[in-house]
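Below you'll find the structure, written out as structure tokens, and then a few comments.
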Amino acid sequence: MSIKSAAAKLFARKIYNQTQAWANKPVETQLAVFKSLINTAKDTEFGVAHQFNKIKTFEDFQKNVPIRDYEDLKTYIEKVKLGEENILWKGKPLYFAKTSGTTSGAKYIPLTKESMPTHIKASRNAILHYIHETGNADFVDGKMIFLQGSPILTEKHGIKFGRLSGIAAHFVPKYLQKNRMPSWETNCIEDWETKVNAIVDETIDQDMSVISGIPSWVQMYFEKLQEKSNGKKIKEIFKNFNLFIYGGVNYEPYRAKFENMIGKKVDSIELFPASEGFFAYQDSQKAKGMLLLLNSGIFYEFIKTDEFFTENPKRYTIGEVELGVNYALIVSTNAGLWGYNIGDTVQFTSLFPHRVIVSGRIKHFISAFGEHVIATEVETAMKEATQGTQTVINEFTVAPQINPSSGLPYHEWFIEFESEPENIESFAEAIDNAMRKKNIYYDDLITGNVLRKVVVTKVSKNGFQEYMKSQGKLGGQNKIPRLSNNRDIADNLK
């Protein structure tokens, strides 16, 4: 065991103990965060307008601060972008993270000197929890790759602008600098395909022990590695690769393809980062879900998704949530977001400690006929349909077909296969049966002859990559939505 790995184990134990201290006191921890946020921001323009000086309880806050999305907060954000101080948070933010919005176009999310360190600590602590639980620390001596956006930033009015992953690249700890790949120059390449090719050239002869990124883009990296090595398995190229760190999308639809490409099973750590905050990470290889970070300058509220679009839905705090319920995630943060709907939905898998899975997006669902199908349902159905078969999926998305040329409407599953099922019709039947078990409203629509069963449409090799490229969203943090309630993506794929 090297000195570095031994030190990592000692540090991991310390961080684990610190985590247990706040995780075992969830309500008290969130109350402390809440009071700190309100007190710090009470003299800001937003705090004065919403009478933060009179807020003493969660109920006071919920009366004074309505739920907002980006458009509702945009007037304040535009002032901050122009360099005005003390608008949403004290002073000015250090950065604006540019994200790809759906209805709003580009969104600019502030990152402050208080919020930015929480992103870095969360990434670090996820790895340390893995070390503490498994005792595996040898990988710290190998090379680590983080597939991310360009770290090149622009600056206006004393605030720097860039992609979150590119901003985070400026905060890599010194003790990781020698291990980190790719080089700074390669990381600065903007064109994603050119960048991945350069990363392959730099890493193919290195001792890669940890690989991190959104699964769809890591898959592209693996494919190019195999092309360059005449079809070698990843385990033959990187003999000490044993840990995959990912976020952004559910890994399960990609797992079979990854294990085939790698040539073995590797441990994985799931992260739940966003420009609005680093919300959770997988703290255990044995427990389902990710540990919700209750002490990281974020106050959480939760709205049941089946109540979200009603007038004045109830806003639950951490002491009121239940297992297995689908909630829209609402945050107030030390970056100056208040009652902010981030768009993601979560379900709790345990309450002590509080662990969550990301179940989908509040605006990414299919409910063309009142079925309200969510991402976790289609991903589970796909997993069940492929289980025990040789079928391997590269990527997929689902959309309703409301006006077919003949017959009843249906849900259309666009699937890019790595290895096709023996019989497409039987495969579609398996998906449909799984969906009927997952969603009683969908089952009622099939039983009542309102919908016909699932239709599977094959997407050509690299079809999803070509679609993302056509939209200017190839690589980085961009990803294909699992569900759409319209045909925008479907019609482009066709």
Side-chain angles (χ1 to χ4, degrees), residues 1-24 117-148 165 168 171-173 175-181 207-215 218 234-235 238-252 254-255 258-259 262 264-274 277-296 349-350 352-358:
M1 181 188 300
S2 70
I3 293 175
K4 195 172 183 180
S5 60
K9 287 186 178 183
L10 290 173
F11 191 32
R13 184 188 306 165
K14 177 183 177 181
I15 295 300
Y16 172 80
N17 290 334
Q18 290 177 356
T19 300
Q20 293 303 105
W22 62 257
N24 289 326
T118 64
H119 289 262
I120 309 309
K121 287 180 182 177
S123 298
R124 178 201 71 188
N125 291 354
I127 297 173
L128 291 172
H129 273 78
Y130 170 81
I131 291 172
H132 176 79
E133 183 183 59
T134 65
N136 299 334
D138 291 342
F139 64 85
V140 301
D141 295 312
K143 296 288 186 179
M144 304 179 186
I145 189 170
F146 302 92
L147 294 180
Q148 56 192 191
S165 60
F171 290 84
V172 176
Y175 60 84
L176 286 182
Q177 292 287 5
K178 290 182 179 180
N179 299 62
R180 183 178 175 275
M181 301 287 290
D207 179 23
M208 305 305 302
S209 59
V210 178
I211 295 173
S212 175
I214 291 177
V218 174
I234 303 303
K235 72 174 185 179
F238 305 139
K239 293 180 172 56
N240 293 309
F241 169 48
N242 286 299
L243 182 60
F244 173 48
I245 303 173
Y246 68 95
V249 297
N250 187 354
Y251 180 39
E252 289 307 316
Y254 301 91
R255 188 179 292 276
F258 267 55
E259 289 179 355
I262 297 167
K264 65 176 182 179
K265 292 184 178 182
V266 298
D267 287 345
S268 60
I269 302 174
E270 183 176 8
L271 310 178
F272 185 9
F278 202 121
F279 303 121
Y281 58 72
Q282 183 181 348
D283 66 316
S284 173
Q285 295 290 299
K286 301 171 185 175
K288 182 180 180 182
M290 295 173 283
L291 182 70
L292 190 65
L293 303 182
L294 303 177
N295 73 329
S296 293
T349 58
S350 72
F352 290 96
H354 284 76
R355 293 192 179 99
V356 297
I357 59 168
V358 180

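The chain is numbered in sequence order, starting from 1. Note that the structure is a prediction, hence the values are computed from the model and not measured.
Using a 4.5 Å cut-off on side-chain heavy atoms (C-beta onward), Asp141 and Ser209 make no contact. Proximity of Met290 to Gln282: side-chain heavy atoms (C-beta onward) are separated by under 4.5 Å at one or more points. Side chains of Asp138 and Asn136 form no contact here, defined as non-hydrogen atoms less than 4.5 Å apart. Residues Phe278 and Ser123 meet the side-chain proximity criterion, which asks for heavy atoms closer than 4.5 Å. Side-chain contact between Arg180 and Phe146 is present, with at least one heavy-atom pair separated by less than 4.5 Å. At least one side-chain heavy atom of Lys4 sits under 4.5 Å from a side-chain heavy atom of Asn179. In this structure, Arg124 and Ile15 have side chains that are in contact, with non-hydrogen atoms separated by less than 4.5 Å. Side-chain contact between Phe238 and Ile211 is present, with heavy atoms from C-beta onward closer than 4.5 Å.
A distance of 10.0 Å separates OG of Ser350 from CG of Leu292, quoted to the nearest 0.5 Å. Taking CZ from Phe241 and CE from Met144, the interatomic distance works out to 12.5 Å, rounded to the nearest 0.5 Å. For the atom pair CD1 of Ile214 and OH of Tyr246, the computed distance is 12.5 Å after rounding to the nearest 0.5 Å. To the nearest 0.5 angstrom, Phe272 atom CZ is 15.0 Å from Tyr281 atom OH. The CD1 atom of Ile120 sits 11.5 Å away from the CG atom of Asn125 when rounded to the nearest 0.5 Å. In this structure, Asn250 CG and Glu270 CD are separated by 6.5 Å, a value rounded to the nearest 0.5 Å.
Crowding of Lys14 atom NZ: a count of heavy atoms from other residues, nucleotides or ligands under 6.0 Å not exceeding 12. Within 6.0 Å of CG on Leu10 lie more than 12 heavy atoms contributed by other residues, nucleotides or ligands. The number of heavy atoms from other shown groups lying within 6.0 Å of OH (Tyr16) does not exceed 12. Counting non-hydrogen atoms of neighbouring residues, nucleotides and ligands closer than 6.0 angstrom, the NZ atom of Lys288 reaches no more than 12 such neighbours.
At distances below 3.5 Å, not a single donor-acceptor pair connects side-chain atoms of His132 with backbone N or O atoms of Leu128. Panel note: side chain Lys9, backbone Gly135; a donor-acceptor pair is recorded below 3.5 Å. Side-chain atoms of Ser212 come within 3.5 Å of backbone N or O of Ile245 as a donor-acceptor pair. Lys143 places a side-chain N or O within 3.5 Å of a backbone atom of Lys178 that can act as its donor or acceptor partner. Gln285 places no side-chain N or O within 3.5 Å of a backbone atom of Glu133 that could act as its donor or acceptor partner.
Listed here is the closest heavy atom pair of Ala137 and Ser5: O-CB, 3.5 Å. Shown here for Ile269 and Ala126, the closest heavy-atom pair between the two residues is CD1-O, 3.9 Å. Considering every non-hydrogen atom in both Ala8 and Ile131, the closest pair reads CB-CD1, 4.0 Å.
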Give the C-alpha distance, both sets of side-chain angles, the deciding distance and a yes or no for side chain to side chain contact (heavy atoms under 4.5 Å, CB included) between Phe139 and Ile127. CA-CA 11 Å; Phe139 64 85; Ile127 297 173; 3.6 Å; yes
Asp283 vs Arg355, side chain to side chain contact (heavy atoms under 4.5 Å, CB included): CA-CA, chis, key distance, verdict: CA-CA 9 Å; Asp283 66 316; Arg355 293 192 179 99; 2.8 Å; yes
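The aromatic rings of Phe258 and Phe244 lie tilted to each other, with the angle between the two planes from 30° to 60°.
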